[in-house]
Amino acid sequence: MSQQPVLLPYADPAFMADPFPFYRQLREDGPVRRAVIAGGLEAWLVTRYEDGLAALSDSRLSSDVRDASDPRLLERLPATEHESMLRTMLRSDPPDHTRLRRLVSKAFTARRVAELRPRVQEITNRLLDAIVPAGKADLVEDFALPLPVTVICELLGVPGADRHDFQRWTDEMILQGDEQPDPARVDRGWRHMRSYLTGLLADKRARPGDDLLSALITTRDEEHRLDEDELIAMAFLLLVAGYITTVNLIGSGITALLAHSDQLQMLRDDPELLPGAIEEFLRYDGPVNPGIARFAREDVTVAGVIIPRGATVLVASAIADRDPAQFPDPDRLDIARQDNAHLAFGHGIHYCLGAPLARLEGQIAIGTALRRLPHLSLAVPPSELRWRSGGLRGPTQLPVTFTPDDSG
């Protein structure tokens with residue numbers, strides 16, 4: 001394996017449109033590759049499925065960025081990754097991770113999520129009612145974005161009128177397409193977001209409701225299991241992580257179907273394939289890309305390669321989920337694929353808490369859109385689509401045309 005780090009070419013539109021041939025070559029070159037990722041940071045990419053699965057369960061690989069030796073990991077994101085924002089499930093290890101996850105896990109059980117199905121369907125129908133008569137839409141801006149935003153706002157108790165504000169602040173903190181990291185913009189977005197969350201939590205403390213944030217405040221004030229920074233960080237994580245990856249799932253899933261007319265027709269003909277189709281979209285072009293960051297507490301050997309203490313390890317789920325050793329014909333979209341144990345939601349103790357909700361929203365959104373939008377097709381060449389980067393992947397816009405239909 002070459003010791004020279006390979007550059008992930010985020011500024012190349014061709015790579016952004018389809019990074020998977022490049023990823024395939026990385027995997028074939030070796031199971032662990034040094035790479036330069038967003039912002040000029042170095043990471044060790046774990047590119048094969050079996051190794052990635054093991055790495056996500058390895059306690060020597062920490063989720064806490066303070067275990068990293070490269071100070072730029074904090075410096076390049078001066079607000080979102082500073083001390084207060086390290087107090088989340090995403091950036092902590094046991095025992096703190098265990099305590100924090102337990103506090104919110106009841107809100108995301110399969111049973112609780114199933115109870116949300118009628119409301120998710122109602123929101124989906126309302127959004128489609130608004131765009132169906134026009135015969136054209138941007139399915140990200142008009143549909144894939146407002147659906148999960150509305151759902152997570154209602155679950156957390158965030159006023160709907162505030163949705164556009166926190167979307168704007170989130171956009172300031174997340175790279176779009178070939179943008180370069182801008183710490184000043186990230187810091188500005190976080191300052192606005194923290195100020196908003198502080199006010200929102202104060203309001204809920206004074207006037208609690210039947211929502212998750214009110215329940216967390218009760219935990220903070222009565223049971224002393226959350227401190228104030230943890231409460232704000234938890235609200236931020238649930239609000240932002242609760243929608244952006246689902247936006248990507250819906251947008252990428254529809255984009256994949258439009259590029260594979262046989263699979264689109266198969267799903268139209270048999271909606272019972274939807275649950276498996278969602279898993280295939282997650283495997284084929286998942287919302288986290290290239291993967292999941294960990295930090296070596298000590299020298300760790302992965303697939304015969306010694307990764308030094310303090311190094312950033314990127315379990316490259318986007319690459320591992322197309323490993324032919326695990327998935328036959330991995331570059332083919334197959335909505336009927338069996339045994340689809342992808343890594344898009346992670347693995348082990350950090351397995352995505354919101355996975356049941358994302359699956360539900362994806363099934364309802366894509367299934368209903370296919371039923372309500374006949375003759376659906378892209379309104380622009382695929383090469384004109386722009387994609388998120390910086391650890392997330394999904395189209396930032398999805399202009400489509402279809403036959404207007406009022407069947408409901």
Side-chain angles (χ1 to χ4, degrees), residues 1-58 61 178 248 252 255-256 259-260 263 279-294 296 299-308 311-335 337-347 382-383 387-394:
M1 183 189 73
S2 170
Q3 294 301 308
Q4 190 70 21
V6 63
L7 174 67
L8 298 189
Y10 290 114
D12 182 352
F15 173 80
M16 294 303 300
D18 182 12
F20 298 102
F22 187 94
Y23 287 165
R24 180 171 60 249
Q25 187 61 55
L26 284 182
R27 188 181 58 246
E28 291 173 355
D29 286 348
V32 180
R33 296 295 313 274
R34 280 177 62 206
V36 178
I37 57 176
L41 299 172
E42 279 197 19
W44 295 74
L45 300 183
V46 179
T47 64
R48 298 181 185 176
Y49 181 89
E50 184 176 354
D51 300 322
L53 195 69
L56 289 172
S57 299
D58 193 330
L61 297 177
D178 57 0
N248 292 344
S252 295
T255 301
H260 297 84
Q263 301 296 295
E279 302 309 312
E280 179 67 347
F281 301 147
L282 289 162
R283 182 202 68 84
Y284 183 79
D285 196 354
V288 177
N289 188 303
I292 304 163
R294 295 289 186 265
D299 289 358
V300 178
T301 300
V302 177
V305 176
I306 299 175
I307 298 176
T312 298
V313 179
L314 206 56
V315 179
S317 54
I319 307 177
D321 279 342
R322 293 200 182 198
D323 185 346
Q326 177 67 24
F327 304 100
D329 199 3
D331 294 319
R332 180 171 66 91
L333 182 72
D334 178 7
I335 64 170
R337 187 180 295 272
Q338 302 297 310
D339 300 321
N340 200 345
H342 57 76
L343 299 179
F345 286 133
H347 177 71
S383 61
W387 296 80
R388 297 187 191 277
S389 63
L392 297 170
R393 177 170 168 79

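Atom CG of Asp339 is surrounded by 12 or fewer heavy atoms from other residues, nucleotides or ligands within 6.0 Å. Enclosure of atom CG in Leu7 by more than 12 non-hydrogen atoms of other residues, nucleotides or ligands within 6.0 angstrom is indicated.
Nearest heavy atom pair, residue Ala55 against residue Leu61, reads O-CD1, 3.6 Å. Between Val46 and Gly52 the shortest heavy-atom distance is CG1-N, 3.7 Å. Shown here for Pro290 and Leu8, the closest heavy-atom pair between the two residues is CG-CD1, 4.2 Å.
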(Q) Please determine whether side-chain contact (heavy atoms from CB on, under 4.5 Å) holds for the pair Glu42 and Arg34, giving the CA-CA distance in whole Å, both sets of side-chain angles, and the decisive distance to 0.1 Å. (A) CA-CA 7 Å; Glu42 279 197 19; Arg34 280 177 62 206; 3.1 Å; yes
Q.
If you apply the rule side-chain contact (heavy atoms from CB on, under 4.5 Å), what do you find for His342 with Ser317, and how did you get there?
A. CA-CA 8 Å; His342 57 76; Ser317 54; over 6 Å; no
(Q) Would Asp51 and Val32 count as a side-chain contact (heavy atoms from CB on, under 4.5 Å) here? Give the steps. (A) CA-CA 9 Å; Asp51 300 322; Val32 180; 5.7 Å; no
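The salt bridge (Lys or Arg N to Asp or Glu O under 4.0 Å) test applied to Arg48 returns no partner, not counting sequence neighbours. Residues meeting the side-chain contact (heavy atoms from CB on, under 4.5 Å) test with Pro328, sequence neighbours left out: Arg337. With sequence neighbours left out, His260 forms a ring-ring contact (aromatic ring centres under 6.0 Å, His included) with Tyr284. For the side-chain contact (heavy atoms from CB on, under 4.5 Å) test, residues two or more places apart in sequence or in another chain that qualify with Gln25 are Glu28, Asp29. Considering only residues two or more places apart in sequence or on other chains, Asp321 meets the salt bridge (Lys or Arg N to Asp or Glu O under 4.0 Å) condition with none of them. Among residues two or more places apart in sequence or in another chain, the salt bridge (Lys or Arg N to Asp or Glu O under 4.0 Å) test is passed with Arg322 by Asp331. For Tyr23, the ring-ring contact (aromatic ring centres under 6.0 Å, His included) partners are Phe15, Phe20, not counting sequence neighbours. Listed by chain and residue number, Arg332 satisfy the salt bridge (Lys or Arg N to Asp or Glu O under 4.0 Å) test with Asp334 (two or more places apart in sequence, or in another chain). Residues passing the side-chain contact (heavy atoms from CB on, under 4.5 Å) test with Ala311, sequence neighbours excluded: Trp44, Ile307, Pro308. With sequence neighbours excluded, the residues forming a side-chain contact (heavy atoms from CB on, under 4.5 Å) with Pro382 are Leu378, listed by chain and number. Partners of Phe281 by ring-ring contact (aromatic ring centres under 6.0 Å, His included), not counting sequence neighbours: none found. Take Asn340 and apply the side-chain hydrogen bond (donor to acceptor under 3.5 Å, both in side chains) test, not counting sequence neighbours, and it matches Glu280.
With rounding to the nearest 0.5 Å, the separation of CD1 in Ile319 from CG in Leu343 is 12.0 Å. Separating the CZ atom in Arg294 from the CG atom in Leu314 is a distance of 10.0 Å, to the nearest 0.5 Å. Distance check, rounded to the nearest 0.5 Å: CG of Leu53 to CG of Asp58 gives 11.5 Å. A distance of 13.5 Å separates CZ of Arg27 from OH of Tyr49, quoted to the nearest 0.5 Å.
In this structure, the side chain of Thr47 engages the main chain of Pro31 through a donor-acceptor pair within 3.5 Å. Between the side chain of Arg388 and the backbone N or O of Pro287, no donor-acceptor pair lies under 3.5 Å.
Looking at Leu282 and Ser252, their side chains never come closer than 4.5 Å, going by heavy atoms from C-beta outward.
The only option from Asn289, Leu392, Asp285 that meets the side chain to side chain contact (heavy atoms under 4.5 Å, CB included) definition with Trp387 turns out to be Asp285.
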